[in-house]
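Report on the following structure.
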Amino acid sequence: MAIVTRLFSLHWVKQRVYSAAHWTRGNSQRPRVMGGHNSVQFSGIPQGKGPHAVGSMDFMSGPSNQGSFFRLYYPCAEAGHYEEPLWIPRKEYYLGLADTLKLNRFAVNFFLCYYFGSVKSPARWNAPFKPGEQYPLIIFSHGLGAFRTLYSAICIELASQGFVVAAVEHRDRSASATYYLQEKSPSDPGEPGGPTLEEVWLYNKILKAGEDEYPLRVQQVNQRAEECIRALDIILNFNAGKHTANLLPSDFDWNLLKDSIDVQRIAAVGHSFGAATAIKSLGRDSRFRCGVALDAWMFPLKDEIFSNIRQPVLFVNSEKFHWVNNILLMKKMESTSIERKMITIKGAVHQSFPDFTFLAGYMVGKLFKLKGDIDPYVAMDIINNVTLAFLQRHLDLHKDFNQWDALIDGKGEFVMPGTNLDLPPAESEIPQ
């Protein structure tokens, strides 16, 4: 524990308010290096580079765990002063991360609160939605042990480029922690005039020794897909002027969303377990026009019949995460009539996709595989740019994202087509 404590003290980072003064929208340079505890230098979560300012807010329907919970990222009005939200909004998420990592709750809560407790997500909290055009919609699904706020670099970049992004927080007990609101029981009415709803927290389900993992993951990926579709339904209802009550306190004006979503341009995106969820959602709902699978964990789909998935799919893989059977499951989706692309980012690791990669010092980043051999900002640019190019191609967008089309084919200094793994000869080519 003393060694771990010293590593945290020397190398984990702390960020306070990360303002536009340190990163101007549209500027492709990385954030200014700043100081932290013990004079450790750190950067932070990058702001979006697109033409839109980005707002964010939380939505929860219910009351029950059958409702929907997501963080919305969206183009917002630039006028006015709005706070940036905490990156990890509640201490219960630290406890869930401790459980997921099978570490002591007290120690993890202390260190994560101390080093990450004031890190903020570079978006304008509850800022007014920017009406006046119809935006394409993305439903984003997080990975195993994550939650709705951990992919803000990706979601904020997409929103800055003119997308509305709903980052779902799954309640299948694959998130490190999440919660829902339920009516208080009559036996515990609370104070007169007080809240009538109470929080119920759900933590990541940890498998017992010897327990078969596959049935749980199948059940979870099915629930996750339903939660993505439920979020889609809610947002499209707002677009049609039909409101669902938000159980969370917010003065966000949902009326501004009316007729602001392009219902013909909807995509599913996810990381790891979330990538499998995005693929599952494509097969469930044809309103999703295409999907982007970021470092997909295909295990929950190993018995999937992919013939019912008609949409284009892009697999964006890291170099260090995959194994042959995982890649072979991706290759089962190859087609000569539907575009299915796979690229690998050289030097990237599985944690090159969530925000932690920007918030860890070099040694701890390497030790916990939060950083790969590639600069994390370069990797994130590749992730975002290839995603934008693929979305433009298959959502028929009239943007300039096609400037990154070469990435879709795995052309570039830090990318390669297909996989870096050696596959059986019969699996090396797309079947004719």
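Quick caveat, the model's predicted, so the values are computed rather than measured. Both backbone and side-chain heavy atoms feed into the values below; hydrogens, waters and symmetry mates do not.
- Remark: His271 pairs with Tyr151, His350, Phe353 by the ring pair (Phe, Tyr, Trp, His ring centres under 6.0 Å) rule, at least two apart or across chains.
- With sequence neighbours left out, Arg284 forms a side-chain hydrogen bond (donor to acceptor under 3.5 Å, both in side chains) with Asn222, Glu226.
- In terms of the side-chain hydrogen bond (donor to acceptor under 3.5 Å, both in side chains) criterion, Ser64 has no residue partners (sequence neighbours excluded).
- Under the side chain to side chain contact (heavy atoms under 4.5 Å, CB included) criterion, Ala293 pairs with Ala275, Ile279, Ala296, Phe315, not counting sequence neighbours.
- Scanning for ring pair (Phe, Tyr, Trp, His ring centres under 6.0 Å) contacts around Phe299 gives Tyr214, Trp297, with sequence neighbours left out.
- For Ser174, the side-chain hydrogen bond (donor to acceptor under 3.5 Å, both in side chains) partners at least two apart in sequence or on another chain are Asp172, Arg224.
- Applying the salt bridge (Lys or Arg N to Asp or Glu O under 4.0 Å) test to every pair with at least one member in residues 103-119, sequence neighbours left out, gives these pairs: Asp99-Arg105.
- The salt bridge (Lys or Arg N to Asp or Glu O under 4.0 Å) check on Arg289 picks up Asp396, with sequence neighbours excluded.
- For Asn126 and Ser250, the side-chain atoms include at least one donor-acceptor pair closer than 3.5 Å.
- Pairs engaging residues 293-304 under the salt bridge (Lys or Arg N to Asp or Glu O under 4.0 Å) rule: Lys280-Glu304 [sequence neighbours left out].
- Between Phe306 atom CZ and Leu301 atom CG the span is 5.0 Å, to the nearest 0.5 Å.
- Evaluation of the side chain to side chain donor-acceptor pair (under 3.5 Å) test over residues 234-246, restricted to residues two or more places apart or in two chains, returns His243-Asn255.
- Judged as a side-chain hydrogen bond (donor to acceptor under 3.5 Å, both in side chains), and not counting sequence neighbours, Arg124 has no contacts.
- With sequence neighbours excluded, the residues that form a side chain to side chain contact (heavy atoms under 4.5 Å, CB included) with Ala268 are Ala278, Leu282, Phe288.
- Remark: Arg71 fails to qualify as a cation-pi partner of Phe140 under the 6.0 Å distance and 45° angle criteria applied to the six-membered ring.
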